[in-house]
Amino acid sequence: MSKKFQSFKNVISHAKEYGFVFPSSEIYDGLSAVYDYGQNGVELKNNIKEYWWKSMTLFNDNIVGIDASIFMHPTTWKASGHVDAFNDPLIDNKDSKKRYRADVLVEDYISKIESKINKEVEKASKRFKETFNEDKFLETNEKVKEYKNRIKIILKRLNESLDKDNLKDVKKLIEELGIACPESGSKNWTDVKQFNLMFGTKLGASVDSATELFLRPETAQGIFVNFLNVQKTGRMKLPFGIAQIGKAFRNEIVARQFIFRMREFEQMEMQFFIPPGTQKQYYEDWKKKRLNWHISLGMGKENYRFHDHEKLAHYADAACDIEFNFPFGFKELEGIHSRTDFDLGNHQKYTGKKIQYFDPELNESYVPYVVETSIGLDRMFLSVFCNSLIEEKLEDGSLRTVLKIPKELAPNKVAILPLLKKDNLPEMAKEIFKKFRSEIKSVYDDKDAIGRRYRRQDAIGTPFCITVDHKSIEDQTVTIRERDSMKQKRVKIEKALNEITQKVSITNILKTL
Ligand code: ATP
């Protein structure tokens with residue numbers, strides 16, 4: 001019997017205890033919403049990057065990669081709209097002194113109504129058993145209809161007020177809904193204010209002549225400003241894409257939920273340049289491709305869903321999120337946006353330089369349109385980590401904690417373990433380890449009893465353990481223990497290397513895309 005770790009606290013403490021994620025500068029009591037990746041975390045992160053990077057640049061012959069700088073010319077952010085519009089509405093509670101995003105307070109209120117709908121569904125499904133038709137129930141049940149209508153009215157009002165920058169009405173809505181501070185229960189709120197999320201810094205030695213810069217809040221602009229460089233030097237024809245992985249920075253008002261919302265994080269973004277008028281088709285196409293990329297990892301189709309944006313960002317004509325079922329509910333993991341020609345068009349305007357593509361088929365030049373896919377590497381890490389952390393009750397009644405991470409993403413693919421620390425077993429195991437480590441990420445461990453070593457590898461998600469015992473010396477065989485089933489089998493050493501290397505290769509998943 002196995003169950004997922006229900007408590008998010010367990011996830012966070014496991015991540016720390018086993019060298020995945022540490023609070024940043026912890027010896028100074030940490031820095032809010034900034035985290036460091038440890039020895040196992042960095043491997044998992046790199047494997048996720050590899051899966052994404054290869055799926056984009058190897059498996060699409062019209063997508064190339066770049067690596068742009070974090071610092072960019074400050075006018076970039078004026079042109080992109082971030083100086084004027086990259087704001088979140090914030091509100092403070094006067095009693096608890098806690099700060100919130102006003103829109104998130106309302107969205108959390110809506111989530112509560114949604115859970116009431118789910119309860120109605122659960123109740124009805126128990127009552128009607130096999131004859132229960134969920135879709136019909138959702139459409140016809142009076143209570144559910146009322147809840148849904150309520151959600152619609154609240155969302156409409158919130159979006160209209162935000163669109164018109166009517167912050168007074170956002171506050172009024174919070175008061176009318178009777179939303180209380182989740183910490184103190186107080187309803188004593190300040191006015192709602194806009195807060196720009198970009199971090200400012202300075203370039204240059206002298207205070208007077210220093211240029212004001214921003215740390216980039218998204219990696220996308222590095223791609224837009226290099227559009228012509230890549231298109232010309234790569235002789236790229238539309239449609240084509242540019243992919244990038246890199247750090248982004250946002251001065252988030254409330255940064256909670258561990259690495260879900262950080263102030264320094266990493267994005268994996270791909271901007272796909274297309275002729276105007278084709279954006280709908282490519283938008284749908286990339287939605288499918290990206291969902292498939294997630295599902296191919298084998299973490300359960302039911303854990304993903306699309307969420308269409310009602311309120312579109314300043315640059316988009318269509319947008320949706322792929323949400324993942326985190327321990328704290330379905331939340332955004334990746335965004336897919338149809339960005340029109342907003343960015344390239346504005347860079348053209350602000351630089352006074354032509355940023356266009358000559359289409360040989362149409363015999364005309366135009367500013368390309370863009371569909372982008374944008375995923376947070378850290379959120380992807382969190383989704384894999386939360387979903388894989390399992391507590392299992394074994395037949396003998398004992399518990400084991402195991403990280404059933406997709407084996408292709410596991411930090412270590414194999415652990416080489418001598419059964420005992422004597423009788424030449426360590427020497428032989430070390431020889432085997434040397435052979436393995438040049439092919440796949442391997443670890444050698446000879447501390448503690450074998451059972452404890454297996455548990456340690458389970459806890460960090462190592463899919464295979466190879467045990468070297470006295471029989472190994474006699475006949476050049478070893479046992480392979482499989483993490484998920486805990487089954488063991490005996491094989492020749494040379495066979496073990498081939499078998500494991502084949503099973504943990506990321507190419508296996510890439511080929512299914
Ligand atoms: P949210 O609504 O959660 O603030 P967003 O819509 O602002 O996210 P985008 O601007 O679409 O996010 O960024 C693309 C992706 O970058 C998101 O889907 C998410 O995975 C990731 N991301 C955004 N902000 C953060 C953050 N503060 N910490 C970690 N990842 C982030």
Side-chain angles (χ1 to χ4, degrees), residues 21 24 31-37 41 45 48-49 52 77 80-82 85-90 100-108 110-111 158-159 162 195-199 215-223 243-271 283 286-287 290-291 293-294 304-316 318-324 326 328-339 342-343 370-386:
V21 184
S24 161
L31 185 64
S32 161
V34 188
Y35 290 91
D36 298 338
Y37 287 85
K45 208 174 164 195
I48 296 172
K49 280 193 209 176
W52 186 87
W77 306 111
S80 69
H82 284 82
F86 196 52
N87 301 319
D88 275 343
L90 73 83
Y100 298 93
R101 253 173 72 176
D103 54 334
V104 171
L105 282 180
V106 177
E107 278 160 14
D108 286 349
I110 289 173
S111 298
L158 176 69
N159 290 333
L162 288 174
F195 177 78
N196 193 289
L197 300 182
M198 284 197 294
F199 280 105
L215 298 184
R216 65 180 178 194
E218 62 173 20
T219 54
Q221 296 306 325
I223 288 179
Q244 181 175 208
I245 301 177
K247 291 259 178 169
F249 303 82
R250 295 183 187 178
N251 198 0
E252 298 281 1
I253 296 171
V254 267
R256 290 204 195 96
Q257 289 157 332
F258 193 36
I259 56 172
F260 181 82
R261 190 176 300 286
M262 300 198 282
R263 298 203 163 100
E264 172 181 343
F265 59 101
E266 219 162 333
Q267 288 185 316
M268 305 192 283
E269 294 200 299
M270 193 280 300
Q271 270 68 37
Y283 174 66
W286 277 106
K287 271 175 74 173
R290 292 305 302 149
L291 184 64
W293 182 88
H294 288 284
Y304 303 89
R305 70 178 189 196
F306 282 116
H307 168 79
D308 290 322
H309 285 200
E310 305 230 350
K311 182 181 181 293
L312 293 173
H314 56 276
Y315 49 73
C320 70
D321 301 331
I322 294 179
E323 294 187 335
F324 182 77
F326 287 99
F328 39 86
F330 272 95
K331 291 274 179 262
E332 172 174 349
L333 172 59
E334 168 157 10
I336 298 157
H337 311 127
S338 171
R339 280 181 92 127
F342 177 88
D343 300 87
V370 171
V371 169
E372 83 171 355
T373 72
S374 172
I375 174 167
L377 175 53
D378 314 270
R379 280 194 197 174
M380 184 62 201
F381 180 110
L382 186 61
S383 73
V384 172
F385 197 81
C386 292

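Start at 1 and go down the list; that is how both ligands and their atoms are numbered.
Residue contacts with ligand 1 do not include E107, since none of its heavy atoms lies under 4.0 Å from the ligand. At least one heavy atom of E334 sits closer than 4.0 Å to an atom of ligand 1. By the 4.0 Å heavy-atom criterion, L333 is counted among the residues contacting ligand 1. The closest approach between a heavy atom of E266 and any atom of ligand 1 is not below 4.0 Å.
If you check which protein heavy atom lies closest to atom 30 (N) of ligand 1, you get F265 CD1, 3.4 Å. From the protein, the heavy atom lying nearest to atom 29 (C) of ligand 1 is F260 O, 3.2 Å. Among all non-hydrogen protein atoms, the one lying nearest atom 19 (C) of ligand 1 is R379 NH1, 3.5 Å. Protein heavy atom nearest atom 16 (O) of ligand 1, with residue, atom name and distance: Q267 NE2, 3.3 Å.
Against a heavy-atom cut-off of under 4.0 Å, H337 is close to the following atoms of ligand 1: 11 (O). Listed by atom number, the atoms of ligand 1 under 4.0 Å from E252 heavy atoms are 24 (N), 26 (C), 27 (N). Of all the atoms in ligand 1, the ones that sit under 4.0 Å from a non-hydrogen atom of G335 are 18 (O). Near M262, meaning under 4.0 Å from any of its heavy atoms, are these atoms of ligand 1: 26 (C), 27 (N), 28 (N), 29 (C). Close approach of ligand 1 to S374 (heavy-atom distance below 4.0 Å) involves ligand atoms 13 (O), 14 (C), 15 (C), 18 (O). Residue-ligand proximity, R101 to ligand 1, at heavy-atom distances under 4.0 Å covers atoms 4 (O).
Checked by distance only, ligand 1 and G376 come closer than 3.5 Å through their nitrogen or oxygen atoms. The N/O atoms of D378, backbone and side chain alike, include none that comes under 3.5 Å of an N/O atom in ligand 1. For ligand 1, the polar-atom distance check finds an N/O of E332 within less than 3.5 Å of one of the ligand's N/O atoms.
Results of the ring-ring contact (aromatic ring centres under 6.0 Å, His included) test with F324 over Y304, F385, F330, F260 single out Y304 as the only residue that passes. When the options R339, K287, R290 are evaluated for a salt bridge (charged side-chain N to carboxylate O under 4.0 Å, His left out) with E372, the one that passes is R339.
Neither the backbone nor the side chain of E269 has any atom closer than 4.0 Å to an atom of ligand 1 (non-hydrogen atoms only).
Which of R250, E264, Q257 comes nearest to atom 7 (O) of ligand 1 through a heavy atom is settled by distance: it is R250.
Using modelled atom types, one finds a donor on one side chain and an acceptor on the other under 3.5 Å when comparing E334 with H294.
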